[in-house]
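The block underneath contains the structure these notes are about, expressed in structure tokens.
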Amino acid sequence: MITSTYEKVKLGDVVTLMHQGINTAADKVEYADSGVPIIQSKHFTSGTLSLDDSKYLSEKDVIKYGEKYTPKLGDILFSNIGTVGKSVVLERTPDFMFAWNVFLIRLNSEKAHNRYIKHFFDYLLSLNVYERWFTGGTVKFLNKKTMAEIEIPLPSLDEQKRIAAILDKADAIRRKRQQAIQLADDFLRSVFLDMFGDPVTNPKGWEVKSLKDIAKIQIGPFGTQLHKEDYIEGGIPLINPTHIVKGNIVPKTNLSVSNEKHATLSEYHLKVGDIIMGRRGEMGRCAIVNEKEAGWMCGTGSLYIRPNKAGVFSEYLNKLLSSQAIKNHLESESQGATMPNLNKNIVGNIQIPVPSDEVLDDFTRLKVKFLKLTETSQNFANEMIFESLSQKAFAGEL
């Protein structure tokens, strides 16, 4: 699966302990108002644990389960049900226990370094690998046998520590740059609201038009046009709702099409300034297509909106379509008993306040100047750059 100059070993060969947490439902665990928290997979956030909204075990259950289900300093916790693949290394002595949808992984410290293994888990998550190994019916999960069979490129312990230190430093820089970008976005958002007003309440009194009158709306290809066997690894990305993450387009290399198939579906090619919107599942999931994504394909579960006005109007429109008010509207209008589903008519009838060209031009000039200041941070915070660094690390090329 992963090409590497390092010897590959199975995870089960470098652990001293690996098991799931307390099965709170089957064991009829009693919760208390305070005491020892019990964490679940939902508490994994960006390489750390958040104990917010955690439940507490009764004193009786703490005594009953404490020895087996209290992790230790240096252990890895791995989310194996729900959002599978998130992991965290315990850098301080834990004061909590863990539930059934979390794996505890305790490594043989003479064979494997916990930070190195954690980075490898993150790399597999970025490649969307875990989905291939799911078992279960309605709820998908990774079982202990599958986890133990995961093959890891494993250099010497000193080399593992060297690689982990490099990836730790790169990840820390990336996160700081992401924070800087967030502050910049907050500033631009403030200026945006000052110049345009809230697109939902329209305090500036801009003329209101239906979306279908100011933009082209195109739903992604039908199932008869794009089949499962058309998907390849490493081709031209296909963008479905799951690839629209917090206003960004995050493709997966295993959901793409060949150049030949891409050429037959020109109607669904994305262009700079398009807004791609998920039309299934979570409503209001949108992102603007930038130069990097130009030529990628709109997936079956998405639609794109191509404004008649170019430039910053796409950003204005994207902010409006991503707003909670529009999300609520789309949820009430969406069709489909099992999963909410948008059609061209529903989206086309959304009412849009349209700002003047003068204000749009003023904001464009300000934004261009500001983005030049944040360009370096944008480049280093790019997820694909960090994935490329990780790929070289585990291939033995770092």
Verdict with reasoning, V89 to R115, per side-chain contact (heavy atoms from CB on, under 4.5 Å):
CA-CA 7 Å; V89 174; R115 296 297 307 173; 3.7 Å; yes
Steps toward ring-ring contact (aromatic ring centres under 6.0 Å, His included) verdict (H19, F98)
CA-CA 11 Å; H19 63 80; F98 59 102; 5.8 Å; yes
Please check this pair: side chain of D274 against backbone of K271, looking for a donor-acceptor N/O pair closer than 3.5 Å.
yes
Using modelled atom types only, decide if a donor and an acceptor are shared between the side chain of N248 and the backbone of V250 within a distance under 3.5 Å.
no
So, the side chain of R279 versus the backbone of L303: is there a donor-acceptor pair under 3.5 Å, distance only?
no
For the residue pair I350 and L330, establish whether any side-chain heavy-atom pair is separated by less than 4.5 Å.
yes
Kindly say whether L142 contributes a backbone atom to a donor-acceptor pair with the side chain of N80 at under 3.5 angstrom?
yes
Taking the side chain as every heavy atom from C-beta outward, state whether K261 and L226 have any atom pair closer than 4.5 Å.
yes
Of all heavy-atom pairs between L398 and A393, which one has the smallest distance, and what is that distance?
CD2-CB, 3.6 Å
Side-chain ion pair, K111 and D13, N-O less than 4.0 Å:
no
Check whether any side-chain N or O of Q160 sits under 3.5 Å from a backbone N or O of P155 as a donor-acceptor pair, and report yes or no.
yes
Is the backbone N or O of L167 less than 3.5 Å from a side-chain atom of D171, with the two atoms forming a donor-acceptor pair by type?
no
Taking the ring of H269 and the ring of Y304, is the distance between their centroids below 6.0 Å?
no
May I have the step-by-step check of side-chain contact (heavy atoms from CB on, under 4.5 Å) for E110 and L157, ending in yes or no?
CA-CA 7 Å; E110 295 181 357; L157 196 59; 5.5 Å; no
Main chain of C298, side chain of S302: is a donor-acceptor contact present, judged purely on distance under 3.5 Å?
no
If you compare all heavy atoms of S4 against all heavy atoms of F394, which two are closest, and at what distance to 0.1 Å?
OG-O, 2.7 Å
For residues E293 and L270, determine if any side-chain heavy atom of one lies less than 4.5 Å from a side-chain heavy atom of the other.
no
Residue pair Y130 / G85: nearest heavy atoms and the distance that separates them
CE1-CA, 3.6 Å
Could K216 and E267 be called an ion pair, given the rule that one side-chain N must be under 4.0 Å from one carboxylate O?
yes
Between S322 (side chain only) and C286 (backbone N and O only), is there a donor and an acceptor less than 3.5 Å apart?
no
What I want to find out is whether K118 reaches D122 closely enough, with some N-O distance under 4.0 Å, to be called a salt bridge.
yes
Whether D158 and R162 form a salt bridge (side-chain N of Lys/Arg under 4.0 Å from carboxylate O of Asp/Glu) is what I want to check.
no
Output yes when a side-chain donor or acceptor of N343 lies under 3.5 Å from a complementary backbone atom of I346, and no otherwise.
yes
Take a 6.0 Å sphere around NZ of K327 and say whether it holds more than 12 heavy atoms from other residues, nucleotides or ligands.
yes
Checking side-chain polar atoms at under 3.5 Å, does D53 have a donor or acceptor matched by the opposite partner on H43?
no
For a 4.5 angstrom cut-off between non-hydrogen side-chain atoms, does H243 reach L255?
yes
Using modelled atom types and a 3.5 Å cut-off, is there a donor and acceptor pairing between side-chain atoms of D230 and backbone atoms of H227?
yes
Taking C-beta and beyond as the side chain, do S54 and F96 meet within less than 4.5 Å on heavy atoms?
no
Is the ring centre of F103 less than 6.0 Å from the ring centre of F121?
no
Contact check, side chains of I38 and V36, non-hydrogen atoms, under 4.5 Å:
no
Angle between ring planes, F196 versus F192, binned at 30° and 60°: parallel, tilted or perpendicular?
tilted
For D186, does the CG atom have more than 12 heavy-atom neighbours from other residues, nucleotides or ligands under 6.0 Å away?
yes
Is the number of heavy atoms from other residues, nucleotides or ligands under 6.0 Å of Q324 CD greater than 12?
yes
I'd like to know if the side chain of S256 pairs up with that of E233 as donor and acceptor (distance under 3.5 Å, no hydrogens or angles considered).
no
Nearest heavy-atom pair of G295 and I236: which atoms, and what distance?
O-CG2, 3.7 Å
Can you check whether L11 reaches M147 side chain to side chain, under 4.5 Å on heavy atoms?
yes
Taking the side chain as every heavy atom from C-beta outward, state whether N101 and F141 have any pair of such atoms under 4.5 Å apart.
no
Scanning both residues in full, the closest heavy-atom pair of L320 with P353 reads CD2-CD, 3.8 Å
